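Worksheet: the structure to be examined is printed underneath.
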Amino acid sequence: MDHPIKRDHSRFKKIIRGKIRENLKQYVSGREIIIDKGDGKFRLPMPQIDIPRFKFGEKSQGGLGQGDGKVGEPIDEKEKAGQGNKSAGQGEGQKELEVELTEMELAQILGEELELPRIEPKGKKNLKSKTNRYTSIRTVGPDSLKHFKRTYKNALKRQIVGQDYDPDNPLIIPVRDDYRYRSAKQKIEYENAAVVIYMMDVSGSMGDEQKEIVRTESFWINLWLNSQYKDVEVRYIIHDATAKEVTEETFFHTKESGGTLISSAYQLCQKVIEADYGPQEWNIYPFHFSDGDNWSSEDTKVCLDILKDSLLPLTNMFCYGQVESRYGSGQFYKDLKEKFGIRHDKITLSKIKNKDAIMDSIKDFLKKGH
């Protein structure tokens, strides 16, 4: 039977999960800050939960042994209500609770709220992992693997059979032949792995607000994919008129002022995949974020050909997110839609108007379960 404290803790965790689900859009949009602790856990603010406190019942509002008292009446009549150390502030402060969730717990809440299907990996055996399971017993082994219960039983049986066991003085002394040790059986498993390749237009029309939307959305995409795969690698490509691979820090903080040739990013993405990620072993997810501007219709045609002939055959899913900008035309979304349609099995298109649209965009990208 569970201890009452464990039951209370379990109920509290359910309340926490419910509150997070109620306010998930605030977290996903970045309006409530999630802190990555760096150990697979995240700290989330929970201002909606009241801290438990004692309060008087309706019939228990007397004074401190001095007869009936009234709510708000000062203990010392010489001290007026509301006076005192004003530097401490007035009124009741807001109580904010922080909770910790593991990456898997947070991803599970995201998946439940957005009704995301589990991903069916297509890669076969990229990661070879070895696991040790201590399922058998041996008569030899290191002291660190000594099985004390089995050793005690063997010693007890030996003393009983040899009539050396005294119930009045139940002293059990194992000898060398009594010792038993845990033994591991090694099992080799092949785990599926994934690579996410983020591409982003960093030309002058993509401002800080657009990049913050991309940063926030990529955090939640990575969170979900990490819950679906044993290992996830992430690569970053930026482009204006040319493309280059960069670090995560550079990806989100670089700003250029040149024109835009989207094909440069797609060509580099193809090279990265062909060099490092065989599609028979890897699950491949390119994500491209842009405000929809491209240099010319000729380059757009090159992009569409690369997608059709090269990228789509190599990848699980190609995702294009168009981040609204007052400087962007949004034409590239229309070109992709006209070429591939809105219901293409391996292409997902999403318009991201602002931070409040991030949650719907994530669902657009991940709802197919590829």
Side-chain angles (χ1 to χ4, degrees), residues 110-111 114-126 192-201 214 217-218 220-229 231-237 239 243 262-290 292 294 299-323 330-352 357-370:
L110 178 71
L114 297 185
E115 299 180 341
L116 300 179
R118 291 196 61 83
I119 292 176
E120 294 293 338
K122 71 177 182 63
K124 291 182 179 178
K125 56 172 186 176
N126 181 68
N192 288 292
V195 58
V196 186
I197 304 174
Y198 288 113
M199 296 172 280
M200 182 168 64
D201 177 9
V214 175
E217 184 154 340
S218 65
W220 291 96
I221 291 170
N222 289 343
L223 184 81
W224 179 250
L225 292 178
N226 277 322
S227 74
Q228 303 295 295
Y229 291 100
D231 181 62
V232 177
E233 292 190 13
V234 184
R235 307 282 287 266
Y236 297 95
I237 294 173
H239 73 90
I262 295 177
S263 64
S264 64
Y266 290 8
Q267 288 166 350
L268 181 53
C269 179
Q270 180 183 345
K271 290 179 181 178
V272 169
I273 293 172
E274 291 176 345
D276 299 328
Y277 304 102
Q280 297 301 318
E281 296 181 345
W282 286 84
N283 297 271
I284 304 168
Y285 298 90
F287 286 83
H288 180 218
F289 295 94
S290 166
N294 201 14
D299 190 70
T300 295
K301 185 179 183 305
V302 174
C303 293
L304 300 178
D305 290 341
I306 294 173
L307 276 172
K308 179 177 178 295
D309 300 330
S310 301
L311 289 183
L312 293 186
L314 297 175
T315 60
N316 292 49
M317 173 70 64
F318 182 92
C319 300
Y320 174 73
Q322 189 156 284
V323 187
Q331 181 61 40
F332 195 64
Y333 181 98
K334 300 173 186 177
D335 295 329
L336 289 172
K337 183 179 177 181
E338 181 179 348
K339 174 68 175 179
F340 298 104
I342 199 68
R343 299 184 183 278
H344 193 284
D345 187 53
K346 296 189 73 174
I347 289 185
T348 298
L349 309 178
S350 178
K351 288 186 177 181
I352 314 167
I358 292 175
M359 195 161 169
D360 290 334
S361 178
I362 293 171
K363 185 170 184 176
D364 288 341
F365 286 149
L366 302 174
K367 66 183 179 182
K368 294 180 180 179
H370 292 336

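Not measured: the values here are computed from a predicted model.
- One side chain, Thr300 or Asn294, offers a donor N or O that lies under 3.5 Å from an acceptor on the other.
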- Task: Please lay out, stage by stage, how Trp224 and Ile119 fare under the test side chain to side chain contact (heavy atoms under 4.5 Å, CB included).
- Result: CA-CA 10 Å; Trp224 179 250; Ile119 292 176; 4.0 Å; yes

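- Between His288 and Ile262 there is a side-chain heavy-atom pair separated by less than 4.5 Å.
- Using a 4.5 Å cut-off on side-chain heavy atoms (C-beta onward), Met199 and Cys269 make contact.
- Residues Asp276 and Val195 fail the side-chain proximity criterion, which asks for heavy atoms closer than 4.5 Å.
- Formation of a donor-acceptor pair under 3.5 Å by the Asp364 side chain with backbone atoms of Ser350 is not found in this model.
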- For side chain to side chain contact (heavy atoms under 4.5 Å, CB included), just list the numbers for Leu114 and Lys367, CA-CA rounded to whole Å, side-chain angles, deciding distance to a tenth of an Å, and then say yes or no. CA-CA 8 Å; Leu114 297 185; Lys367 66 183 179 182; over 6 Å; no

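- Checking side-chain atoms of Ser361 against main-chain N and O of Ala357 turns up no donor-acceptor pair under 3.5 Å.
- With values rounded to the nearest 0.5 angstrom, Ile352 atom CD1 is found 9.0 Å from Gln322 atom CD.
- Nearest heavy-atom pair, Pro313 versus Lys308, reported as atom, atom and distance to 0.1 Å: CD-O, 3.7 Å.
- Side-chain contact between Val302 and Gln267 is present, with at least one heavy-atom pair separated by less than 4.5 Å.
- Within the 3.5 Å criterion, the main-chain N or O of Asp305 finds no donor-acceptor partner in the side chain of Tyr266.
- At a threshold of 4.0 Å, the pair Lys339-Asp335 does not count as salt-bridged, since none of the basic side-chain nitrogens sits closer than that to a carboxylate oxygen.
- Side-chain contact between Arg235 and Val196: absent, with no pair of heavy atoms (C-beta onward) separated by less than 4.5 Å.
- With rounding to the nearest 0.5 angstrom, the CD1 atom of Ile273 is 9.5 Å from the OG atom of Ser310.
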- Item | Intermediate values then yes/no, side-chain hydrogen bond (donor to acceptor under 3.5 Å, both in side chains), Asp299 and Ser263 | CA-CA 6 Å; Asp299 190 70; Ser263 64; 2.3 Å; yes

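- Atom CZ in Phe365 sits 13.5 Å away from atom OH in Tyr285 (nearest 0.5 Å).
- Between Tyr333 and Gln331, the side chains place no donor N or O within less than 3.5 Å of an acceptor N or O (distance only, hydrogens not considered).
- A distance of 11.0 Å separates CD of Glu217 from CG of Asn222, quoted to the nearest 0.5 Å.
- Between Phe340 and Leu349 the shortest side-chain heavy-atom distance does not fall below 4.5 Å.
- Put simply, the side chain of Leu110 reaches to within 4.5 Å of the side chain of Trp220, judged on heavy atoms.
- Ring-centre distance between Phe287 and Phe318: not below the 6.0 Å cut-off.
- No donor-acceptor pair under 3.5 Å is formed between the side chain of Tyr198 and the backbone N or O of Pro286.
- Scanning all heavy atoms of the two residues, the minimum distance from Met317 to Asp345 falls at CE-O, 3.5 Å.
- Scanning both residues, Trp282 and Ala194, for their nearest heavy atoms gives CZ3-O, 3.5 Å.
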- Begin with the C-alpha distance, continue with both residues' side-chain angles, and end with the deciding distance and a verdict on side chain to side chain contact (heavy atoms under 4.5 Å, CB included) for Lys337 and Phe332. CA-CA 8 Å; Lys337 183 179 177 181; Phe332 195 64; over 6 Å; no

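- Once rounded to the nearest 0.5 Å, the distance linking CG of Leu314 with CD of Gln280 reads 10.0 Å.
- Side chains of Thr315 and Asn283 form no contact here, defined as non-hydrogen atoms less than 4.5 Å apart.
- Within the model, atoms CD1 of Ile362 and CG of Leu116 stand 8.5 Å from one another, a figure rounded to the nearest 0.5 Å.
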- I would like to know whether His344 and Leu312 meet side chain to side chain contact (heavy atoms under 4.5 Å, CB included); could you show each step before the answer? CA-CA 11 Å; His344 193 284; Leu312 293 186; 4.0 Å; yes

